[in-house]
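The sequence lines fix the lettering, A, B, ..., with proteins before strands; numbering per chain opens at 1.
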2 protein chains.
Amino acid sequence: MMDSKIATIQDVARVAGVSTATVSRTISKPDVVAKATREAVLSAVAETGYRVNTTASNLRRQRTGTVLVLLPNIANPFFSQILAGLASVLTPAEYSMLIADTQTGPDADQRLTHYLTSGQADGLVVLDGTLSPETLSGPLVPPAVLVCEWMGSTLPSVRVENARGAALAVNHLADLGHRKIGHVTGPPGNVLTETRRDGFCRALADRGLPVHDDWILEGDFTMDSGAAAARAWCHLEDRPTALFLSSDEMAIGCMGALQSRGIRVPEDVSIVGFDNIEIAQHLSPGLTTIRQPRTDIGVRAAEILMDMIASKTKDGQSEIITVHLIPRGSTGPAPE
Amino acid sequence: MMDSKIATIQDVARVAGVSTATVSRTISKPDVVAKATREAVLSAVAETGYRVNTTASNLRRQRTGTVLVLLPNIANPFFSQILAGLASVLTPAEYSMLIADTQTGPDADQRLTHYLTSGQADGLVVLDGTLSPETLSGPLVPPAVLVCEWMGSTLPSVRVENARGAALAVNHLADLGHRKIGHVTGPPGNVLTETRRDGFCRALADRGLPVHDDWILEGDFTMDSGAAAARAWCHLEDRPTALFLSSDEMAIGCMGALQSRGIRVPEDVSIVGFDNIEIAQHLSPGLTTIRQPRTDIGVRAAEILMDMIASKTKDGQSEIITVHLIPRGSTGPAPE
DNA sequence: CTGAAAGCGCTAACAT
DNA sequence: ATGTTAGCGCTTTCAG
């Protein structure tokens, strides 16, 4: 009570008049100790204010109690909801999240390998689609779940129907009468970029619509690149009447830039994004987009990882998360 | 090489032909070992692929290597940049961030006390202005830095010029000729809410402008509450010609809702936000706002905390971060 | 059902 | 400058 030092298991054992082993058992498997002893121990715990020292427990149990989350950029709000989903599963399971930014700062690759091989984590959640899959092989790397598409990787993953999402966007626009549909991609080399673009092109073909290379503009998921795409669109001779952008952030940047130039959305051009970030519904007009349930994504990834850790395997299930079209005011009938 | 088990300090000692103590020294204070031994040890480290086991090191050194970050809601993108700033200092200092959501889930208060008293962290960064200061007193609570205003607390803090920011907004609007200026606040009880509202009222008084209770609307920092404020504004008999909202998110929600109703910004009403979140410049019109350098905030908080931990004190410096007005298209001359 | 004892891997006195 | 030694606080056989 008076002491400012935290109580140890020894203190509890002394107060309860039992051995430290019994205290430990009472806490981790209460049912194997006799009722009377258990009560004595629990009241000693309460009296001393004892809390297990996680560090010591982890050392003894040869685990770290940590899950490493690899993401490209902490400051990107896109990930925060996935993190919330992860946390909602990890925290109750007594794991803490160690968040590592894979892009910020120099020698990212080296830091990464350091993390992976340093035995700092019992498991891995990878949110960065640009990482090379080889990085994640090797005997010292803990069980990992990918939260992104990844060509040729057999690791368990939680993925989103990216191609189908793109097709939903195209079909929605085609249903509105658009025949000239453009696309703004993510950064080259990113798997999301590829799968969404492929889905886009295939859907166009399925609808018998032209795939026009000039109408496929390169972006990088940021608002700035969306604004740049808007400028590029203005300079096109033959302009598409609708644009599908590979992220809401780009769509917002694009829509803002268009509106600033007096181009009306959706009267002059229809806009579809991807993600359904919160702000999409608060813009004017509201942004038509493809909804990804980001919290669910985090939850499922964490659940799969917990299963893998519990069963001491590097293999786990994979899961595809369904996407939906959310129609709003930024899309309308094709002009003319 | 062949073994899938990670090497320990013993393995390195054996390979290098020295004691474990020497290996430990070579790694933590290289200058106290002889050059020859150091080289032998380092090559043994390379050969074995040794990495220090942080858990064991922490246990022995009676520290946790962890800084606990308390925030109201992980999913709120507002905090992600502060986190990035924190991480940029903490990671090189060999501390990892444990992020705890203080609002999500039940018994938040209890979980919090649990965290604080469980000795899980060497330091604390508090981003949640609604926490009760008493929670952070007590002998078992580690050194803490507050990143928010907090009445009557003497803990070290990194704060923003909230009152001055509000005054900047008011003066900007008054300079544009507005005499009827309204305000949308944050949630009641929040310190940001209070200080910004007070700054707002004082600035109005300083300019000889009326403080009209009907023109002070309650929000909660979310876009939804901004949209609600827009609806409330529409129902006012005597409408202010300008609104200062206590967060960009509210300003965005408000502006979107106004525009959807055909009300023009800034011709019919001028809008000023607070934060300068990234999207502010991509809206149409761009959002006039008060810039808070969020990454810097995180950096300074982490630096102060590292100092406190290093010098084993619970007292540290405090710092006020300067804010700036960023004028954009959402503000214009008063109508008439 | 409970206790004794042996470490997990590391660091920091203390010796030499 | 280096080695010896004693734990940090906990969990887990292994006996009883």
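Annotation: the span from A/Leu90 atom CG to A/Met97 atom CE amounts to 6.5 Å, rounded to 0.5 Å.
Listed by chain and number, the residues in a salt bridge (Lys or Arg N to Asp or Glu O under 4.0 Å) with A/Arg300 are A/Glu303, A/Glu319 (sequence neighbours excluded).
Atom CD1 in B/Ile9 sits roughly 11 Å away from atom P in C/dA12 (whole-Å rounding). C/dC8 atom P lies 15 Å from atom CD1 of B/Ile6, rounded to whole Å. Per the geometry, NZ belonging to B/Lys29 stands 12 Å off C1' belonging to C/dC10, to the nearest Å. In this structure, A/Arg51 atom CZ and D/dG9 atom P are separated by 16 Å, rounded to whole Å. Regarding A/Asn58, its CG atom lies at a distance of 13 Å from the P atom of C/dG9, rounded to whole Å.
Between B/Asn53 and B/Thr8 the shortest side-chain heavy-atom distance does not fall below 4.5 Å. Within the 4.5 Å cutoff, the side chain of B/Thr20 has no heavy atoms near those of the B/Thr22 side chain.
Relative to the ring axis of B/Phe79, B/Arg294 does not place its NZ or CZ within 45° and under 6.0 Å from the centre.
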| task | For each nucleotide in nucleotides 1-8 of chain D, reading 5' to 3', give B when a protein heavy atom comes within less than 4.0 Å of its base, S when such contact involves only the sugar-phosphate, and - otherwise. | result | SBBB-BBB

| request: Please test A/Asp122 against A/Thr66 for side-chain contact (heavy atoms from CB on, under 4.5 Å), starting from the C-alpha separation and ending with a verdict. | output: CA-CA 6 Å; A/Asp122 298 331; A/Thr66 296; 5.7 Å; no

